[in-house]
A.B. asks: 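This is the structure I want to talk about, given as structure tokens.
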Amino acid sequence: MPLDEYVDAFVFTRFEPNGMVSGNDRLRMATSVIDYIFRELAITYLDRNDLAQVSDEDLRADTAGESSRHPVNAHARRPLPRKPPR
């Protein structure tokens with residue numbers, strides 16, 4: 001059976017333990033150990049960068065200070081709307 005079929009079948013499976021991942025540059029969260037394993041296999045052997053939470057571009061050493069291009073970081077820089085006093 002081809003690896004991509006296994007990846008499609010097992011990525012996003014959800015059970016305990018799940019949560020934050022440490023020690024991996026490309027993955028930050030996993031919904032299960034199986035999800036983590038098949039995401040890593042897909043990224044490493046199938047070039048499925050769509051399953052990584054950190055892009056190749058983010059890992060380059062020359063991208064420091066360019067976070068405003070990324071929607072999540074750009075949104076975080078906007079000031080919060082002020083509530084009118086009561």
A.B. asks: Can you tell me if Arg48 uses its side chain to pair, donor with acceptor, with the backbone of Thr44 under 3.5 Å?
C.D. replies: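 Answer holds: no.
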A.B. asks: With sequence neighbours excluded, give me every salt bridge (Lys or Arg N to Asp or Glu O under 4.0 Å) pair touching residues 29-38.
C.D. replies: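 Qualifying pairs: Asp35-Arg39.
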A.B. asks: Would a single hydrophobic cluster contain both Leu51 and Leu46, if residues Ile, Leu, Val, Met, Phe, Trp and Tyr are joined by side-chain heavy-atom contacts under 4.5 Å?
C.D. replies: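 Looking at the clustering, Leu51 is in the same group as Leu46.
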A.B. asks: Indicate, with yes or no, if Val11 and Phe15 share a hydrophobic cluster defined by side-chain heavy-atom contacts under 4.5 Å among Ile, Leu, Val, Met, Phe, Trp and Tyr.
C.D. replies: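 Phe15 clusters together with Val11.
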A.B. asks: Do the side chain of Ser32 and the main chain of Thr13 share a donor and acceptor less than 3.5 angstrom apart?
C.D. replies: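 Answer holds: yes.
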A.B. asks: For the CD atom of Glu16 and the OG1 atom of Thr31, what is their distance to the nearest 0.5 Å?
C.D. replies: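 OG1 of Thr31 is found 10.5 Å from CD of Glu16.
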A.B. asks: Does any non-hydrogen side-chain atom of Tyr6 lie less than 4.5 Å from one of Leu41?
C.D. replies: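 They are not in side-chain contact.
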A.B. asks: Looking at every non-hydrogen atom in both residues, tell me the closest pair between Glu40 and Asn24 and how far apart they are.
C.D. replies: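 So the minimum-distance heavy-atom pair works out to OE1-ND2, 2.8 Å.
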A.B. asks: Is there a side-chain contact between Leu3 and Val7 (heavy atoms, below 4.5 Å)?
C.D. replies: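 A side-chain contact under 4.5 Å exists here.
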A.B. asks: Arg26 and Ala52: which non-hydrogen atoms are nearest, and at how many Å?
C.D. replies: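 Here Arg26 and Ala52 meet closest at NH2-CB, 3.4 Å.
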A.B. asks: Roughly how far, to the nearest 0.5 Å, is CD1 of Ile37 from CG of Leu27?
C.D. replies: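 Answer for the CG-CD1 pair, Leu27 versus Ile37, is 11.5 Å.
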A.B. asks: Could I get the full list of ring pair (Phe, Tyr, Trp, His ring centres under 6.0 Å) partners for Tyr45, not counting sequence neighbours?
C.D. replies: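 Expected list: none.
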A.B. asks: Is there a path of hydrophobic side-chain contacts, each under 4.5 Å between heavy atoms, that joins Phe10 and Phe12?
C.D. replies: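 In one cluster with Phe10: Phe12, yes.
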A.B. asks: Does a donor on one side chain sit under 3.5 Å from an acceptor on the other, for Tyr36 and Asn18?
C.D. replies: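 The answer is no; no qualifying pair exists.
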